[in-house]
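Reminder, nothing fancy here: chain letters follow the sequence lines and each chain counts from 1.
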There are 2 protein chains.
Amino acid sequence: MAHKYETVASGIREIIDASLVAHDALPSERELMSRYSVSRMTVRAAIAKLADEGLVYNVHGSGTYVGSKDLFLKTPKLTSFTEDMTSRGYVASSRPLALSRIDADEEIARHLGVPVDTECTHLRRLRLADNNPMAIEDVYLPRTVLEIEHLHLDQSLYEQLTEAGHEVYRAEQEIQAITLSEEDSRILGVPSGSAALSVERVSSSRRGQLIEFARTIYRADRYSFHIAVTRDNNEK
Amino acid sequence: MAHKYETVASGIREIIDASLVAHDALPSERELMSRYSVSRMTVRAAIAKLADEGLVYNVHGSGTYVGSKDLFLKTPKLTSFTEDMTSRGYVASSRPLALSRIDADEEIARHLGVPVDTECTHLRRLRLADNNPMAIEDVYLPRTVLEIEHLHLDQSLYEQLTEAGHEVYRAEQEIQAITLSEEDSRILGVPSGSAALSVERVSSSRRGQLIEFARTIYRADRYSFHIAVTRDNNEK
DNA sequence: AAGTGGTCTAGACCACCGC
DNA sequence: CGGTGGTCTAGACCACTTC
């Protein structure tokens, strides 16, 4: 355990697991200070971390309390398809449908922030969960980010990007409902004209460099999107 | 300006607006300390607030930088339909379709965490943007939260809930693609069988009490969901 | 090696809640 | 009123990036 506040945070987790339920009060910050022999700032750093995850919440002047279990879910996180499926209890797999070098059309160029006709790598994959079709994914990468010859279909794309010095840190996602094309319906094994969930993702590095544009089309009958949001009343 | 860190945060905003663009470095924390005559912790509190909003980001050992404009605004936030439409540049309006007292069925009871047959208030509204149908919204509230006689159709529901001591603080949302029913297609003015975006929301207070279950069905041709996500590599 | 953000101490006073 | 979390000071050392 590298840092003290992480030790304290783990300790608080144990206290909660051992003896507290939703809306019970935690020991006060001053009590935790002496219990772990740390300064108050360290206790507050630990609590801030747990509050960020929604495990506890603060009430000014009253105390810190255990959050309700129904609301445990973390802030939405950027995950790979494999991570996403694993967390949903499926075994993820993948079948390549196409891999080619293309010139960016207007839409791809706009999303990647590059000029039209910039050389790009295009990868189209069928994504499966427990060996059943779940989604069709199209990924577009500027050739300068990852050359097509260096792309290994049997390794995680994010891992390869990290190794190439383009670690994905954040992404913007646009979620919409669409009606499946004839071809996509056939690939996904659903009736033609079915509804589907389209997720367009633009990924970037910590420093803001655009790395990837991807569109994933999920079967509506097998996939939904779950996010937790909070109301920010303390702006400005 | 109540607190010093807010003053510092405003000052940093001004510095950015006046002379910095995306990925430029901010003055160092120690420089800001002396410039505003505050302690380092206060500077860090200000920067933490701005980083939370995505306006700046930290790089350990290097500096604090201005976030890229494309990526800064969209931390997912819990918004009312009116706020949402306003931020998208539309004028929101509403037309009540039904208001009744019902007994919770299994689904509603599960979402609201109450026994089946608990008395609830049900409000169904057509939501319009610039006077064009955008969505159909069904809201279910336990009667103990807001009695049907106290519900005013001409006032914001969230305002009324706040006044009744049930301020909505966070929500879990489930987003999926659906195929519109005959009736909903007619109400929304789209062809029968069109795809639509369904957003189910369970709202709760800061203390975790479940307040509201709502399902909003958006026209797929007019609405999409935009969220920014980050990759959390620092868990555990 | 110099400069940056990350963690931490040992105090202090303020704002808010509940009795 | 006493106890709580919220803000703040004036230092310190560590970890990391950059040159």
Side-chain angles (χ1 to χ4, degrees), chain A residues 1-12 15-16 20 23-52 55-67 165 167 169 205-209 232-236, chain B residues 1-12 15-16 20 23-52 55-67 165 167 169 205-207 232-236:
Chain A
M1 194 70 66
H3 298 116
K4 287 193 179 181
Y5 77 88
E6 290 171 348
T7 309
V8 176
S10 299
I12 295 173
I15 293 172
I16 292 172
L20 300 180
H23 311 302
D24 283 354
L26 258 63
S28 76
E29 297 182 354
R30 285 155 182 93
E31 161 69 21
L32 291 166
M33 278 175 68
S34 60
R35 194 179 298 190
Y36 293 97
S37 302
V38 297
S39 75
R40 182 144 169 242
M41 201 204 110
T42 304
V43 171
R44 285 181 61 76
I47 290 175
K49 181 179 153 77
L50 299 178
D52 227 46
L55 186 65
V56 303
Y57 60 90
N58 301 322
V59 181
H60 188 180
S62 171
T64 302
Y65 301 88
V66 179
E167 187 180 11
Y169 173 68
S205 70
R206 185 161 185 110
R207 286 169 172 72
Q209 191 205 347
D232 250 330
N233 298 312
N234 52 2
E235 298 276 316
K236 275 272 183 0
Chain B
M1 194 70 65
H3 298 116
K4 286 194 180 181
Y5 78 87
E6 289 171 347
T7 310
V8 176
S10 299
I12 295 173
I15 293 172
I16 292 172
L20 300 180
H23 311 301
D24 283 355
L26 260 63
S28 76
E29 297 183 353
R30 287 158 180 89
E31 162 67 22
L32 292 166
M33 277 175 68
S34 61
R35 197 180 295 191
Y36 292 98
S37 302
V38 296
S39 75
R40 183 143 168 242
M41 199 204 111
T42 303
V43 170
R44 285 181 63 75
I47 289 175
K49 181 179 152 77
L50 299 178
D52 226 47
L55 185 65
V56 303
Y57 61 91
N58 300 321
V59 180
H60 187 180
S62 173
T64 301
Y65 300 88
V66 179
E167 187 179 9
Y169 174 68
S205 71
R206 184 163 186 105
R207 287 167 172 73
D232 250 331
N233 298 314
N234 52 1
E235 298 273 317
K236 269 282 182 347

Side chain to side chain contact (heavy atoms under 4.5 Å, CB included) partner of A/T64, chosen from A/L32, A/I47, A/I12, A/V43
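That would be A/I47.
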Measure from the side chain of [X], starting at C-beta and using heavy atoms only, and say which of [options] lies closest.
X     : options              : value
B/N58 : C/dA10, C/dG6, D/dC8 : C/dG6
B/R44 : D/dT9, C/dG5, D/dG6  : C/dG5
A/S28 : D/dT4, D/dT7, C/dG6  : D/dT4

Atom-to-atom span, [atom1] of [X] to [atom2] of [N] - whole angstrom:
X     : N     : atom1 : atom2 : result
B/M41 : D/dC8 : CE    : C1'   : 6 Å
A/L26 : D/dT4 : CG    : P     : 12 Å
A/E29 : C/dC8 : CD    : C1'   : 15 Å
B/I12 : C/dG5 : CD1   : C1'   : 13 Å
A/Y5  : C/dG5 : OH    : P     : 17 Å
B/L32 : C/dG3 : CG    : C1'   : 14 Å
A/L50 : D/dG5 : CG    : P     : 14 Å
A/Y57 : D/dG6 : OH    : C1'   : 18 Å

If you take all heavy atoms of [X] and [Y], which pair is closest and at what distance?
X     : Y     : answer
A/I15 : A/Y36 : CD1-OH, 3.8 Å
A/E31 : A/P27 : CG-CB, 3.6 Å
B/A9  : B/A46 : N-CB, 3.7 Å

Look at the side-chain N and O atoms of [X] and state whether any lies under 4.0 Å from the OP1 or OP2 oxygen of [N].
X     : N      : value
A/S62 : C/dC17 : no
A/T64 : D/dG5  : yes
A/S39 : C/dG11 : no

Spacing of CG belonging to A/L26 relative to CD1 belonging to A/I16, to within rounding of 0.5 Å
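That separation rounds to 5.0 Å.
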Kindly give the atom pairs (protein nitrogen or oxygen, nucleotide nitrogen or oxygen) under 3.5 Å for nucleotides 13-15 of chain C.
from	atom 1	to	atom 2	distance (Å)
C/dA15	N3	A/H60	NE2	3.2

Ring pair (Phe, Tyr, Trp, His ring centres under 6.0 Å) with A/Y65: which residues, sequence neighbours excluded?
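Only A/Y57 meet the ring pair (Phe, Tyr, Trp, His ring centres under 6.0 Å) criterion with A/Y65.
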What is the bend of the helix from C/dA1-D/dT18 to C/dG18-D/dC1 when you compare the axis at one end with the axis at the other, using five pairs each and rounding to 10°?
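Roughly 20° between the end axes, to the nearest 10°.
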Could you pull out all residues at least two apart from A/S28 that satisfy side-chain hydrogen bond (donor to acceptor under 3.5 Å, both in side chains)?
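None.
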On DNA chain D, compare the nucleotides closest to A/P27 and B/A45; which residue's is nearer the 5' end?
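With A/P27 and B/A45 compared, the 5'-side residue is A/P27.
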Please enumerate all residues that pass side chain to side chain contact (heavy atoms under 4.5 Å, CB included) together with A/R40, with sequence neighbours excluded.
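For A/R40 the side chain to side chain contact (heavy atoms under 4.5 Å, CB included) partners, ignoring immediate neighbours, are A/E29, A/R30, A/M33, A/R44.
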